[in-house]
J.: 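Questions regarding the structure given below will be posed in turn.
As the structure is a computational prediction, the values presented were derived from the model and not from experiment. Protein chains get the first letters and strands the later ones, always in sequence-line order, with residue 1 at the start of each.
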Amino acid sequence: MNQEIRLRFAPSPTGALHIGGLRTALYNYLLAKKLGGKFILRIEDTDQTRFVEGAEKYIIDSLIWAGLVPDEGVGFDGPYGPYRQSERTAIYKENVQNLINKGYAYYAFDTPEELEKMRAELATEANTMPKYDYKSRLKMKNSLTFSKEDTENYLQSGKPYVIRLCVPVNEKVQIKDIIRGEVSFQSEELDDKVLIKSDGLPTYHLANVVDDRLMKISHVVRGEEWLSSTAHHVLLYRYFGWEAEMPEFAHLPLILKPNGKGKLSKRDGAEFGFPVFPIDWKKDNDYFPGFREFGFLPEAVLNFLALLGWNSGTEQELFSLHEMIQNFSLEQIGKGGARFDFDKAKWFNAQYIQKSDPEIIKREILKLYKEQNLDPNETQINIIYSLYKERVHLLTEFYSQAKYIVTDQFDLNKDFVEKKWNNDAYEKYLRLIEDLKNLDNWTKERLEPVLKNFMEKESLKMGEVLPSLRVMLSGTPMGPDIYNMILALKREDLLERIEKNLEKLKTAK
RNA sequence: GCCCCGUUCGUCUAUCGGUUAGGACACCAGAUUUUCAUUCUGGUAAGAGGGGUUCGACUCCCCUACGGGGUACCA
């Protein structure tokens with residue numbers, strides 16, 4: 001087999017792309033690039049009832065943010081378009097006609113009510129969910145039970161109908177899955193899947209097989225939720241006469257909720273306090289901040305996602321996209337579902353903040369402050385970066401922790417005020433301010449003796465003075481080296497700020 | 001209910017019949033930072049249970065349990 005390598009990521013535009021989808025895209029991208037092939041974006045918009053405005057653009061924007069830019073697809077062109085399934089209905093109809101001619105598909109005229117009735121009537125204890133299959137199809141209204149004339153008449157009448165796959169009896173359907181090995185189904189267990197819906201649009205099953213064939217897809221890498229229906233897909237390939245050139249299949253394990261109970265869903269973000277979307281998603285009155293808004297670098301998200309299920313077989317944890325491509329293989333993907341671990345995601349991000357080109361991080365810092373209507377100068381940005389790059393896990397912390405360098409608008413840490421601050425020290429700090437005022441030419445070397453003196457004279461410990469001073473300076477008792485913090489501010493501003501916040505501490509207590 | 005897939009430290013995982021079961025996150029302790037964070041060092045911690053196969057099983061087979069997915073004119 002010496003065919004071109006082509007992989008597709010095929011989401012449906014029913015809402016924001018979630019992080020599991022992004023991982024699927026990543027694995028497709030990695031394999032495509034590893035094998036020197038193409039990465040294709042196909043939009044599976046065959047369900048008009050679930051169509052969500054803006055979702056398609058969101059998917060594209062997310063992929064671009066993450067750096068997984070398609071070679072072909074919706075928004076990127078290519079020789080196998082259109083890449084939007086809603087624009088390919090004629091193709092599906094033509095192909096399904098071929099199936100009907102060969103007797104592998106048939107028309108079905110049952111209304112939703114009639115289907116429901118069938119399920120209710122046929123339900124037994126041993127089979128609580130009866131299917132439209134070899135057992136029931138001859139009891140239903142379809143071209144198998146209608147005479148030729150009746151079928152013709154029905155079709156002409158303009159009444160709605162669907163086209164179903166006629167699944168055989170007593171056949172073993174085998175699937176070769178790169179991740180799971182051989183998986184087999186007995187055909188009696190399979191239902192007569194709808195291929196064309198009454199609105200004339202295809203279902204996923206038909207559309208994905210036809211498109212994968214026509215778009216010359218070499219590998220289908222998708223979520224585990226598709227494993228069961230792959231048997232139907234194999235049958236379709238067979239009936240179309242394409243079985244010998246079927247793509248290879250790989251079904252990915254799912255990303256689970258942190259508590260392991262079920263797959264990660266869109267609502268979990270709000271519940272557990274972490275992002276589940278790459279970038280922010282606004283819909284009606286809902287707003288979901290994404291990884292980007294939480295302060296993640298895309299490289300970190302990719303690295304985190306890649307390792308959620310895949311490993312290189314070595315002890316390396318940090319991979320650039322390029323290294324991931326070099327090392328990737330589907331065989332190295334685990335079979336079990338992986339729980340989402342936000343702590344680990346943050347750890348990756350901290351690593352990337354430290355590793356990344358300082359200019360990129362500084363640009364992000366500036367953006368962050370601009371969003372808050374602050375305009376730090378270059379010197380301040382440099383100070384923020386160098387003082388905090390080893391302390392933060394999220395880019396947003398460059399603002400939340402370091403904004404005191406740019407503004408004096410911040411609250412004093414409540415916990416400190418209540419538990420640590422003692423008003424007995426008030427007078428002492430007044431005297432420190434005097435000492436500082438009397439000191440000119442501030443440098444670390446000149447400040448140090450002043451502070452040491454102060455502690456000795458007032459019999460205060462480092463552990464009391466440093467947090468207290470930090471609170472007066474920045475609002476929180478934690479932070480980088482105190483001298484660096486002091487020197488990060490202008491002398492007059494600093495003195496003024498300490499005085500002001502010392503008063504605040506006193507009155508707040 | 002039925003079908004399919006899965007199950008190694010709390011979490012992500014390595015191991016592809018013979019290892020003191022390794023690494024990472026988290027956690028704990030010590031060192032450094034005369035504070036916090038970072039960093040460094042060390043530590044706690046795992047093969048769901050039961051049967052086989054084998055000289056030998058985390059690795060292979062079967063059963064059970066548990067988890068997940070599917071069972072739509074949704075993808």
J.: Answer yes or no: is there an ion pair linking Asp268(A) with Lys257(A), defined by an N-O contact shorter than 4.0 Å?
T.: yes
J.: Does Lys457(A) come within less than 4.0 Å of Asp435(A), counting only side-chain N to carboxylate O?
T.: yes
J.: Would you call Arg88(A)-Glu44(A) a salt bridge at under 4.0 Å N-O?
T.: no
J.: Identify whether the distance between the nearest side-chain nitrogen and carboxylate oxygen of Lys141(A) and Glu114(A) falls below 4.0 Å.
T.: yes
J.: Please name the nucleotide paired to rU20(B) by Watson-Crick or G-U wobble geometry with both distances under 3.5 Å, or report none.
T.: none
J.: Under a 3.5 Å limit for both distances, which nucleotide forms a Watson-Crick or G-U wobble pair with rC73(B), could you say?
T.: none
J.: Assess whether a salt bridge exists between Lys131(A) and Glu189(A), defined as any Lys/Arg side-chain N lying under 4.0 Å from an Asp/Glu carboxylate O.
T.: no
J.: For nucleotides 18-32 of chain B, just jot down a letter per nucleotide in 5' to 3' order: B, S or -, based on protein non-hydrogen atoms under 4.0 Å.
T.: ----SBBS-------
J.: Distance only, no hydrogens: is a donor on one side chain within 3.5 Å (strictly under) of an acceptor on the other, for Asn142(A) and Tyr161(A)?
T.: no
J.: Any strand is fair game: report the nucleotide pairing with rC9(B) by Watson-Crick or G-U wobble, both distances under 3.5 Å, or none.
T.: none
J.: Return the pairing partner of rA31(B) with a 3.5 Å limit on both distances, Watson-Crick or G-U wobble; otherwise return none.
T.: rU39(B)
J.: Ion pair present between Lys344(A) and Asp341(A), side-chain N to carboxylate O less than 4.0 angstrom?
T.: no
J.: When all nucleic acid strands are considered with a 4.0 Å heavy-atom cut-off, which category describes Phe340(A): base, sugar-phosphate, or nothing?
T.: nothing
J.: Applying the Watson-Crick and G-U wobble criteria at under 3.5 Å, what pairs with rA14(B)? Answer none if nothing qualifies.
T.: none
J.: Quick check against the 3.5 Å criterion: does Asn413(A) have a side-chain atom that pairs as donor or acceptor with the backbone of Pro477(A)?
T.: no
J.: Could you let me know what rU59(B) is paired to, Watson-Crick or G-U wobble, both distances under 3.5 Å, or none if it's on its own?
T.: none
J.: Just by protein heavy atoms under 4.0 Å, how would nucleotides 68-75 of chain B read 5' to 3' in B, S and -?
T.: SBSS-BBB
